[in-house]
**Q** 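This is the structure I want to talk about, given as structure tokens.
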Amino acid sequence: MLRNYLTIAWRNLRRHKVFSLINILGLAIGMTACLLILQYVSFELSYDRFHENANQIYRLNLATFQGAKLISQNAKSDPEIGFALKASIPEIQEVAPAANWWGGVVSTTDSIGQPVAFNEPKVFFVDAAFLRVFSFPLLRGSAAALDEPNAVILTERMARKYFGNQDPMGKTLTLENHNQGHHYVATVRGVCQDVPNNAHLLFDFLVSRHTPGESGGPASWSAYTYILLSPKAEAKVLDKKIADFFEKSRGKEWKESGTRLLLSLQHLTDIHLYSNLDDEISEGGHGKTVWFLALIALLILLIAYINYINLSTVKAMERAKEVGIRKVLGSQRFHLISQFFLEALALNLIGIVLALTFVQFSMPWFSQLSGIAISFTLWKSLWFWLACVSLLGLGTLLSGLYPAMILSAYQPVQVLKGNLRASTQGITLRKALVLFQFAASVALMIGTFTVYLQVSYMRSKDLGMNMTQTLILAAPQFRRENAAQESAFFQKNAT
């Protein structure tokens with residue numbers, strides 16, 4: 001029986017090639033657009049969730065009030081505040097300050113004694129607690145090295161960049177910025193895996209914050225202070241304890257100056273999408289926009305399915321005589337229902353397979369469009385396959401329900417005599433679906449055209465300068481005594 005059902009389904013596909021192609025492609029393209037958008041949404045929502053202790057990590061944000069007026073909100077704070085809180089609040093297990101360098105040149109010498117130097121903005125001064133709090137796996141060395149002065153751990157990419165195929169362990173790197181008066185010499189004590197793109201804190205070098213320097217060195221710099229809470233700690237309760245701690249230790253000073261500081265906890269996984277403070281570590285996303293894109297993805301999928309269901313039900317009416325003849329020849333209603341549902345299942349399955357194929361081929365283009373190097377990773381998630389199975393079942397049910405239940409109920413005599421009439425309810429439902437599909441499609445087109453006009457305006461706006469053939473170079477900030485030597489080196493090797 002199953003073989004007979006599949007044979008009939010295949011014959012119907014071949015008999016109506018153009019219709020089947022249009023219907024299945026429309027569904028597949030709608031699914032493709034939905035999956036691409038959901039992949040972007042999934043990537044944005046995945047920021048910092050790869051850390052083993054992500055649910056227990058928070059950042060200390062600092063707000064400054066003048067009286068009742070909010071003056072500023074900053075992502076940085078004095079790391080000593082974090083250490084003082086740890087000593088007073090038992091729920092805080094670790095404090096990990098990360099002070100970013102203002103940028104400059106990281107240099108070394110290659111195997112033949114030639115200088116190798118690059119501008120490097122992704123340098124952070126940390127201690128060993130940083131790698132205990134965050135899950136950045138080490139390939140070489142130990143996190144404990146960051147508790148010693150003049151130690152540096154770099155990523156795999158930086159190890160290849162500066163040392164090629166040589167063993168980087170024990171090699172020396174010089175960090176200097178003439179404008180800021182910084183000059184540090186550090187020894188490579190470890191190599192870690194490259195930081196994933198879905199981390200809000202992107203670094204290439206981790207330098208010990210205990211490295212001595214001018215004016216107390218990096219240990220005295222303001223930093224992004226992260227804390228690791230105990231598993232049973234509650235952030236709301238801890239916020240109250242932090243406020244009480246500050247009131248007790250600084251309350252008298254605040255009353256005299258009129259300036260009040262407020263520390264608040266921000267969950268690690270909320271930083272990328274829901275934080276827009278001063279001195280943010282990197283440009284974040286927009287949580288509302290991400291959820292709006294998810295809504296658009298579902299709306300596109302709904303439009304595709306409405307179109308598919310309408311076309312399928314209209315085409316099914318042409319098979320009324322087939323149903324009548326099959327009933328005359330002895331087919332039961334159960335057999336007809338099974339036939340229609342199996343055909344709907346086959347068409348939906350073809351649509352999903354085509355959509356997944358289209359997604360794989362379009363990912364490079366989509367990555368370029370979104371500006372993020374991402375690949376299609378949804379298939380690795382259990383919820384994705386559960387959603388696909390649910391979508392397949394729901395699509396099969398909706399597209400096969402009308403022909404299966406309505407056509408199979410017609411009397412053979414009425415069908416063969418041509419007395420078949422479409423139900424008023426069926427026509428009304430199709431009209432309502434078409435109206436919704438049209439309205440949603442128009443709304444999406446208007447939104448897309450509006451965004452297109454805004455982007456076009458930004459690209460074509462007169463900037464007051466000619467950007468054609470214009471190149472901006474970040475000049476290395478070498479110390480003055482080395483400037484002439486380095487300048488001669490770059491001139492010699494310039495092309």
Side-chain angles (χ1 to χ4, degrees), residues 51 57 59-62 74-86 94-108 117-136 138 140-155 157-159 162 168 171-195 199-228 268 271 278-282 477 479:
H51 295 291
I57 302 174
R59 186 179 69 183
L60 288 175
N61 295 330
L62 183 65
N74 205 294
K76 284 185 173 182
S77 60
D78 187 341
E80 294 303 322
I81 296 177
F83 294 124
L85 290 173
K86 181 184 177 183
E94 294 277 6
V95 174
N100 61 320
W101 193 33
W102 288 277
V105 172
V106 176
S107 62
T108 187
F118 298 96
N119 279 322
E120 300 291 359
K122 298 177 183 178
V123 179
F124 287 86
F125 287 86
V126 300
D127 53 29
F130 181 85
L131 292 178
R132 292 196 296 268
V133 171
F134 295 103
S135 301
F136 296 115
L138 282 177
R140 304 280 302 276
S142 169
L146 292 174
D147 281 337
E148 303 173 8
N150 302 100
V152 59
I153 292 177
L154 64 164
T155 60
R157 187 171 64 88
M158 290 297 107
Y162 282 84
K171 298 293 177 61
T172 299
L173 290 172
T174 301
L175 294 78
E176 52 188 333
N177 186 317
H178 167 67
N179 287 346
Q180 300 293 336
H182 295 162
H183 181 84
Y184 306 102
V185 178
T187 302
V188 178
R189 301 289 300 277
V191 178
C192 71
Q193 288 184 2
D194 291 333
V195 181
H200 86 282
L201 194 156
L202 299 171
F203 64 85
D204 290 323
F205 302 86
L206 296 177
V207 187
S208 170
R209 63 187 294 268
H210 304 291
T211 299
E214 300 83 356
S215 302
S220 64
W221 296 352
S222 62
Y224 303 98
T225 305
Y226 300 90
I227 63 173
L228 177 67
L268 177 68
I271 292 176
D278 296 336
D279 291 326
E280 280 290 351
I281 202 167
S282 59
Q477 300 295 328
R479 296 174 74 87

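Please read all numbers here as calculations on a predicted model, not as lab measurements.
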**Q** Considering residues at least two apart in sequence or located in another chain, which fulfil the side-chain hydrogen bond (donor to acceptor under 3.5 Å, both in side chains) criterion with D204?
**A** R157
**Q** List the residues meeting ring-ring contact (aromatic ring centres under 6.0 Å, His included) with H210, not counting sequence neighbours, and say none if there are none.
**A** none
**Q** Enumerate the salt bridge (charged side-chain N to carboxylate O under 4.0 Å, His left out) contacts for residues 217-228, please, sequence neighbours excluded, ordered by first and then second residue.
**A**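 Applying salt bridge (charged side-chain N to carboxylate O under 4.0 Å, His left out) to every pair that reaches into residues 217-228, excluding sequence neighbours, yields nothing.
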**Q** Under 3.5 Å, which donor-acceptor pairs do the side chains of residues 121-131 form with other protein atoms, sequence neighbours left out?
**A**
residue: D127; atom: OD1; partner: A129; partner atom: N; Å: 3.2

**Q** Using the side chain to side chain contact (heavy atoms under 4.5 Å, CB included) rule, take W101 and F205 through it: C-alpha gap first, then chi angles, then the decisive distance, then the call.
**A** CA-CA 10 Å; W101 193 33; F205 302 86; over 6 Å; no
**Q** At what distance, to the nearest 0.5 angstrom, does CD of Q193 lie from CG of L138?
**A** 9.0 Å
**Q** Any side-chain to backbone donor/acceptor pair from S135 onto H51? Under 3.5 Å, distance only.
**A** no
**Q** For K86, what residues pass the side-chain hydrogen bond (donor to acceptor under 3.5 Å, both in side chains) criterion, not counting sequence neighbours?
**A** none
**Q** Can you name the residues that form a side-chain hydrogen bond (donor to acceptor under 3.5 Å, both in side chains) with E120, not counting sequence neighbours?
**A**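 Expected list: K161, Y162.
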**Q** Counting C-beta onward and ignoring hydrogens, is there a side-chain heavy-atom pair between P168 and V191 closer than 4.5 Å?
**A**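 A side-chain contact exists here, since the closest heavy-atom pair is under 4.5 Å.
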**Q** What residues form a side chain to side chain contact (heavy atoms under 4.5 Å, CB included) with E280, not counting sequence neighbours?
**A**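 Listed in chain order: R59, A75, I271, S275, L277.
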**Q** Would you compute the distance between atom CG of N150 and atom OG1 of T172 and round it to the nearest 0.5 angstrom?
**A** 9.5 Å
**Q** So L268 and H200, do their side chains get closer than 4.5 Å, heavy atoms only?
**A** yes
**Q** Using the test side chain to side chain contact (heavy atoms under 4.5 Å, CB included), find all partners of P149 that sit at least two apart in sequence or belong to another chain.
**A** P212
**Q** Can any side-chain N or O of D194 pair as donor or acceptor with the backbone N or O of T155 at less than 3.5 Å?
**A** no
**Q** Identify the heavy atoms of V95 and P97 that sit nearest to each other, and give their distance.
**A**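 So the two residues come closest at O-CD, 3.6 Å.
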**Q** Partners of Y224 by ring-ring contact (aromatic ring centres under 6.0 Å, His included), sequence neighbours excluded?
**A** none
**Q** With rounding to the nearest 0.5 Å, note down the distance linking CG in L146 to CZ in R132.
**A**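 Taking CG in L146 and CZ in R132, the distance rounds to 10.0 Å.
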**Q** From D78 CG over to S220 OG, what is the distance, rounded to the nearest 0.5 angstrom?
**A**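 Nearest 0.5 Å value for the CG-OG distance: 9.0 Å.
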**Q** Test of understanding: with salt bridge (Lys or Arg N to Asp or Glu O under 4.0 Å), list the residues that count as partners of E148, not counting sequence neighbours.
**A**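 Scan of E148 (salt bridge (Lys or Arg N to Asp or Glu O under 4.0 Å), adjacent residues dropped) gives R189.
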**Q** Please identify each residue that fulfils side-chain hydrogen bond (donor to acceptor under 3.5 Å, both in side chains) with D147, with sequence neighbours left out.
**A**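 None.
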**Q** Nearest heavy-atom pair of A96 and V133: which atoms, and what distance?
**A**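 Looks like CB-CG2, 3.9 Å.
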**Q** Under the side chain to side chain contact (heavy atoms under 4.5 Å, CB included) rule, what do I281 and N100 come out as? Steps first, then yes or no, please.
**A** CA-CA 8 Å; I281 202 167; N100 61 320; 5.8 Å; no
**Q** Do you know which two heavy atoms are closest between Y184 and T211, and how far apart they sit?
**A**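 For Y184 and T211, the tightest heavy-atom pair comes out as CD2-CG2, 3.9 Å.
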**Q** If you define the side chain from C-beta out and look only at heavy atoms, does anything of N119 sit under 4.5 Å from V105?
**A**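 A side-chain contact under 4.5 Å exists here.
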**Q** Please identify each residue that fulfils side chain to side chain contact (heavy atoms under 4.5 Å, CB included) with S77, with sequence neighbours left out.
**A**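 Partners of S77 under the side chain to side chain contact (heavy atoms under 4.5 Å, CB included) test: L60, L62, T225, L263.
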